[in-house]
Every structure is written in structure tokens, then in C-alpha cells.
Amino acid sequence: MIKTQILSADSASLDKAAQLLSCGEVVAIPTETVYGLAANALDEAAVKRIFEAKGRPSDNPLIVHIAERDQLFELASEVPQTALRCAERFMPGPLTMILPKADCVPDVTSGGLDTVGIRMPSHPTARELIRRCGFALAAPSANLSGSPSPTSFRHVRADMEGRVAAMIDGGDCSVGVESTVISFEGETIRILRPGFICAEELSEIAKTVIDKGVLEQLSADAVVRSPGMKYKHYAPRADVTVVEGDAEAFRSYVSKNLDSKTMLLVFGKEDAKGLDADFVELGESAEQQAQNLFTALRTLDDMGAEKVYARCPEKSGVGLAVYNRLIRAAGFKAVKV
Ligand code: TXA
Ligand code: MG
């Protein structure tokens with residue numbers, strides 16, 4: 001256990017955080033998507049500390065966070081035209097681009113790959129901190145490996161207090177699901193992890209395909225383009241089943257399969273009408289669902305849910321990101337009703 005400093009987002013605190021990061025320490029920081037566990041991306045020893053704090057397998061690469069677009073050219077050995085257009089349109093914002101890595105990026109950061117994921121967060125605290133550091137920050141989501149990504153400061157405290165040098169309280173994250181991760185194949189954009197920047201928007205830049213791993217469980221011998229896909233993710237303690245169908249079919253299915261430890265993950269109160277079970281609401285719009293999902297999964301755990309039936313999000317737009325996280329939380333367990 002180490003003593004974790006709790007910092008606010010004021011200027012003096014950011015100087016303190018930048019100083020710790022310059023000394024190779026790990027600091028939990030707010031971003032617009034989820035909280036991150038940051039360290040100097042170019043300092044091997046510092047990056048190793050992230051993996052230790054998180055309990056993360058070391059072949060899972062980290063995203064490198066920048067404050068200005070120009071840093072792309074320092075960290076990537078090549079930036080294709082399509083990537084440049086994506087950067088102009090979506091950076092800063094919740095988008096991570098996988099590019100061939102420059103020599104300065106250590107293997108620990110890229111998980112031994114010859115590529116690096118680069119993202120420029122729009123969160124003012126994150127960006128200002130990177131500016132003050134003067135170096136890019138490697139940062140995975142600030143959860144313990146296997147639990148839902150933290151979208152509010154109390155989640156970060158619950159998972160990381162005593163494991164990192166400091167944490168910055170930036171309140172709740174506005175997006176709520178992690179960044180969209182994309183790679184480039186010639187002119188084509190491939191979505192490896194869906195997020196708030198959706199396929200429909202990326203299609204306006206170039207032809208966009210959604211990787212198989214986004215919607216399905218990859219078989220053991222499948223080509224894994226993003227190592228994060230092969231790990232069990234976002235797992236609450238409860239046994240989650242995604243129930244695909246409209247609200248009425250959902251109610252009817254649940255009513256036949258209800259026992260005393262069953263809880264519901266619904267869009268609105270109407271979905272749980274007439275059912276004798278506690279429920280957590282995600283909201284009706286895909287944006288609300290994205291913002292609330294990870295908190296909802298932690299809440300269900302806190303409520304002692306053993307079994308959870310969840311309504312199925314839309315598989316398009318921002319909804320695809322919500323679906324992708326939820327189906328992993330459910331260990332790909334889904335029923336069509
Ligand atoms: O919104 C976000 O992206 C948050 C905040 C903190 O920025 N970060 C985040 O990092 O979600 P993490 O480490 O939890 O997820 C990064 C994902 C992993 O699935 C990883 O495998 C993939 O991105 N990734 C990173 N670098 C990659 C690379 N070079 N090639 C393929 N996939 C990569
Ligand atoms: Mg993560």
C-alpha cells in the first residue's frame with residue numbers, strides 16, 4: 001500500500017500531478033470518456049508501474065494521450081491521409097487511432113506491438129496536465145483489471161486508493177464509455193472498439209468496417225487485432241443476461257424467469273412495470289445509456305444482484321458502444337424474445 005494523494009483539478013494540483021508524473025509516478029486522471037491511470041508514456045519504468053497498479057496482463061497495449069495534434073508525428077512513424085482527416089475532425093475527442101509506432105515509444109507501452117494507439121482527450125484537465133508535463137501520457141482505464149471502467153471519482157478511489165501516487169478528482173465523466181479505437185487498412189477505417197464517435201460518423205471520412213470482435217466472442221484461433229478484445233471485460237459479480245426484444249417481450253420473459261435475487265437493467269421505469277424486482281435505469285437515449293452503463297453495473301453489484309436481466313441496446317450509432325460493453329459484461333450471454 002502507498003499513500004495516495006487526493007488532488008483537485010486546480011492549477012496548483014495540476015503542477016503537483018505533473019511533478020509526480022515527471023518522477024515516474026502513476027496518477028489517476030479524469031478524461032471525457034472514463035478515468036485513466038496515467039504515467040509518462042516514454043518512461044519504461046513508469047509504464048511498468050501502471051501494469052502493476054492495475055493488475056493487467058503486460059501484452060495488452062496502452063493508449064498514449066497527447067495534448068496537441070503535432071505530437072502524432074513524434075509518436076507515430078507514419079500518419080496516413082485517412083488518419084490525418086480523422087484527426088482534423090475528431091481530435092480532441094473520444095477517438096484512438098492505431099498507427100505504426102515511432103522508435104521513442106517503448107515496447108512496454110505498445111505491449112510489444114509495432115503500433116501505438118494515440119488519443120487526444122477533450123477533457124480540459126487531462127489536456128492541461130499533458131501540456132504541463134511536456135510528455136505524452138500512457139493511460140489505460142483506471143479500474144482494476146476485470147472490473148467496469150470508472151466513470152466517477154468514487155469508483156477510482158474504490159479501485160485504486162493505496163495503489164497509485166495520486167488521483168485527480170474531476171467529477172463524473174461525460175461520455176461514460178471508452179474511446180472508439182480504429183486502425184487503418186489502405187483507405188479503409190476498421191473499428192476495433194466502438195465508442196461515442198460512431199461508425200456512421202467515421203463513414204463520412206472513409207469506408208468504415210466493424211471488426212468481428214466488436215459484436216461476437218472471438219474463437220480461440222481468431223485473428224485478434226486488438227489484444228484487449230481477448231480478455232474478459234467489464235465483469236460485474238452478477239450473472240448478466242441480455243434480453244433482445246421490445247419492452248413488452250422483455251417483461252413477459254422476465255416474469256417467467258424471476259427469482260428473489262434477480263434484478264433488472266432497464267432503459268426506463270416502464271420496462272420494469274408489473275415486475276416484482278429491483279431495477280437500475282440507463283436512460284432512453286444511447287448517449288444516456290453510454291454515460292450510465294458502468295455506474296449501473298457497479299450499482300447492481302452494490303445492491304447484491306446475483307442474476308441480472310438487461311434490455312438490449314441498439315446495435316447502431318452510439319448504441320453499438322453500449323451493446324459491445326454490455327454483451328461482454330454478460331459474458332456474451334443473450335436471449336432473443
Ligand atoms: O477512453 C479511453 O480510451 C480510456 C481513457 C483513459 O483514455 N482508455 C482506455 O484504455 O480505455 P484501455 O487500456 O482500458 O483500453 C485500450 C484498448 C485495449 O483494448 C487495447 O488492447 C487497445 O485499446 N489498444 C491499445 N493499443 C493498441 C494497439 N497498438 N493495437 C491494437 N489495440 C490497441
Ligand atoms: Mg480498460
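Being a predicted model, the structure only gives us computed values, none of them experimental. Every number for a ligand or one of its atoms is a count from 1 in the order of the listing.
Taking CD1 from I6 and OG from S13, the interatomic distance works out to 11.0 Å, rounded to the nearest 0.5 Å. Atoms CZ and CZ, from F267 and F250 in turn, are 8.5 Å apart once rounded to the nearest 0.5 Å. Note: I29 CD1 to L7 CG = 12.0 Å, rounded to the nearest 0.5 Å.
Closest heavy-atom approach to atom 33 (C) of ligand 1 within the set G117, A28, P61: this belongs to P61. The residue from G36, S110, S141 that puts a heavy atom closest to atom 14 (O) of ligand 1 is S141.
Using a 3.5 Å distance cut-off with no hydrogens or angles, the side chains of S149 and E178 do pair a donor with an acceptor. Judged purely by distance below 3.5 Å, without hydrogens or angles, the side chains of T96 and S179 pair a donor atom with an acceptor atom.
The closest approach between any non-hydrogen atom of K101 and ligand 1 is not below 4.0 Å.
At a heavy-atom cutoff of 4.0 Å, ligand 1 is contacted by the backbone of A139 but not by its side chain. At a 4.0 Å heavy-atom cut-off, ligand 1 touches T115 through backbone and side chain alike. Contact annotation: for R119 versus ligand 1, heavy atoms closer than 4.0 Å belong to the side chain alone.
Interface atoms of ligand 1 facing R225, defined by a heavy-atom separation under 4.0 Å, are 31 (C). Remark: ligand 1 atoms within the under-4.0 Å shell around heavy atoms of L113 are 28 (C), 29 (N), 30 (N).
The shortest non-hydrogen separation linking V214 to R328 is O-NH1, 3.4 Å.
Enclosure of atom NZ in K261 is not indicated, since only 12 or fewer non-hydrogen atoms of other residues, nucleotides or ligands lie within 6.0 angstrom.
Checking only distances, N60 does come within under 3.5 Å of ligand 1, N or O to N or O. Taking only nitrogen or oxygen atoms, main chain and side chain alike, T31 does not reach within less than 3.5 Å of ligand 1. Considering backbone and side-chain N/O atoms, T33 comes within less than 3.5 Å of an N/O atom of ligand 1. The N/O atoms of K54, backbone and side chain alike, include none that comes under 3.5 Å of an N/O atom in ligand 1.
Taking 2.8 Å as the criterion, N143 does not count as a coordinating residue of the Mg ion (ligand 2), since none of its N, O or S atoms falls below it.
Ring centers of Y253 and Y309: under 6.0 Å apart, within the cut-off.
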